[in-house]
Amino acid sequence: MGKHRTRKVGITGKYGTRYGATLRKLLRKVEVSQHSTYRCAFCGKDSVKRTVVGIWSCKSCRKVVAGGAYSLSTASAVTVRSTIARLRKIQQESV
């Protein structure tokens with residue numbers, strides 16, 4: 001690559017002036033989240049990267065986790081996790 005770098009558009013500079021500014025901004029958010037590293041729940045290091053769609057692997061401890069397509073955890077997964085924890089707590093209190 002040459003010396004020319006993007007100032008405003010970031011990773012979506014590869015699309016040039018195509019597809020419209022709003023779509024490129026949305027795509028930028030997705031691409032930045034899918035290429036960033038995440039914290040591993042098992043070893044605690046920031047070494048979880050996306051391998052393919054929905055599969056995330058930690059380079060440090062070699063654990064493989066299923067997650068969202070563009071980010072490690074989705075909003076619906078967080079909701080489900082909290083609901084399961086709440087129901088478990090209610091069940092243990094009644095027993």
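Quantities reported herein were computed from a predicted structural model and do not represent experimental measurements. Values below: every heavy atom of this structure, side chains too, minus hydrogens, waters and symmetry copies.
From Lys63, atom NZ reaches atom SG of Cys40 across 8.5 Å, with rounding to the nearest 0.5 Å. Atoms NZ and CD, from Lys49 and Gln34 in turn, are 9.5 Å apart once rounded to the nearest 0.5 Å.
Side-chain atoms of Arg50 never come within 3.5 Å of backbone atoms of His35 as a donor-acceptor pair (strictly under, hydrogens ignored). Side-chain N or O atoms of Tyr70 include none that pairs as donor or acceptor with a backbone N or O of Val53 at under 3.5 Å. No donor-acceptor distance shorter than 3.5 angstrom exists from the side chain of Ser71 to the backbone of Gly68, with no hydrogens or angles considered. Remark: the backbone N or O of Val9 is not paired with any side-chain donor or acceptor of Thr6 at under 3.5 angstrom. Ser47 contributes no side-chain N or O that, together with a main-chain N or O of Cys58, makes up a donor-acceptor pair within less than 3.5 Å.
Note on Arg24 versus Glu31: no salt bridge recorded, every NZ/NE/NH1/NH2 to OD/OE distance being 4.0 Å or above.
At a threshold of 4.5 Å between non-hydrogen side-chain atoms, the residues Ile55 and Val64 count as touching. Here the side chains of Ser73 and Arg81 are in contact, with some heavy-atom distance below 4.5 Å. Looking at Val32 and Ile11, their side chains come closer than 4.5 Å, going by heavy atoms from C-beta outward.
With a 6.0 Å radius and a threshold of 12 heavy atoms from other residues, nucleotides or ligands, Glu93 has its CD atom above the threshold. In the displayed structure, Arg18 atom CZ is contacted under 6.0 Å by more than 12 heavy atoms of other residues, nucleotides or ligands.
Scanning all heavy atoms of the two residues, the minimum distance from Arg39 to Gly44 falls at NE-O, 3.4 Å.
When hydrophobic clusters are built by joining Ile, Leu, Val, Met, Phe, Trp and Tyr residues whose side-chain heavy atoms come closer than 4.5 Å, directly or via intermediates, Leu27 is grouped together with Tyr19. Ile84 and Val78 fall into different hydrophobic clusters, where Ile, Leu, Val, Met, Phe, Trp and Tyr residues are linked whenever their side-chain heavy atoms come under 4.5 Å apart, directly or through other members.
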Discussion item. As a quick check of understanding, evaluate side-chain contact (heavy atoms from CB on, under 4.5 Å) for Thr37 and Val48, giving each step before the final call.
Written reply: CA-CA 5 Å; Thr37 57; Val48 178; over 6 Å; no
